[in-house]
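One structure below.
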Amino acid sequence: MPDIPPDLTWERAAPPEATGPGPWIEIAFGAGDDGEAPVYLRETSAPENVVTTNRRKWDAFVLGVRAGEFDHFVEDVAAEEDGADGDA
């Protein structure tokens, strides 16, 4: 596992109105501004487990999310949430 810089600024990927400890995903961008610059990801419930990728792959992932390429992963979750709202 690569060394994780100690001075990273972690950004939490949570809705603005979210409270509590999560668990949430956190992202930090390493030094550099080219496609090979490191990007670090971790979960708040296990911050010692860090996944590393690069900026080129991260940007491709974000564009895919925006384009709906991963919506099928959350179809069941969305259906459960819709059902919970209808039961109230």
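All values below come from the heavy atoms of this structure, side chains included, with hydrogens, waters and symmetry mates left out.
Looking only at distances, a side-chain donor or acceptor of Thr44 sits under 3.5 Å from a matching main-chain atom of Trp24.
Grouping the Ile, Leu, Val, Met, Phe, Trp and Tyr side chains by contacts below 4.5 angstrom, directly or via other members, places Trp58 with Phe73.
The nearest pair of heavy atoms linking Pro23 to Glu43 is CB-OE2, 3.1 Å. Nearest heavy atoms, Pro38 versus Ala31: CD-O, 3.4 Å.
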Show, in sequence, the C-alpha distance, side-chain angles and deciding distance for Leu41 and Trp10, and conclude whether the side-chain contact (heavy atoms from CB on, under 4.5 Å) test is met. CA-CA 9 Å; Leu41 296 97; Trp10 292 95; 5.7 Å; no
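Here CD of Glu11 is found 6.0 Å from CZ of Phe29. Values are rounded to the nearest 0.5 Å. If you take CD1 on Ile27 and CG on Leu8, they are separated by 12.5 Å, rounding to the nearest 0.5 Å. Between atom NZ of residue Lys57 and atom OG1 of residue Thr52 there is a gap of 11.0 Å, rounded to the nearest 0.5 Å.
Other residues, nucleotides and ligands contribute over 12 non-hydrogen atoms within 6.0 Å of the CG atom of Asp34.
Residues meeting the side-chain hydrogen bond (donor to acceptor under 3.5 Å, both in side chains) test with Thr19, sequence neighbours left out: none. With sequence neighbours left out, the salt bridge (charged side-chain N to carboxylate O under 4.0 Å, His left out) criterion links Glu17 to no other residue.
Salt bridge annotation for Glu36-Arg55: absent, with no cationic side-chain nitrogen under 4.0 angstrom from a carboxylate oxygen.
Between Phe70 and Phe61, the distance separating the two ring centers is shorter than 6.0 angstrom.
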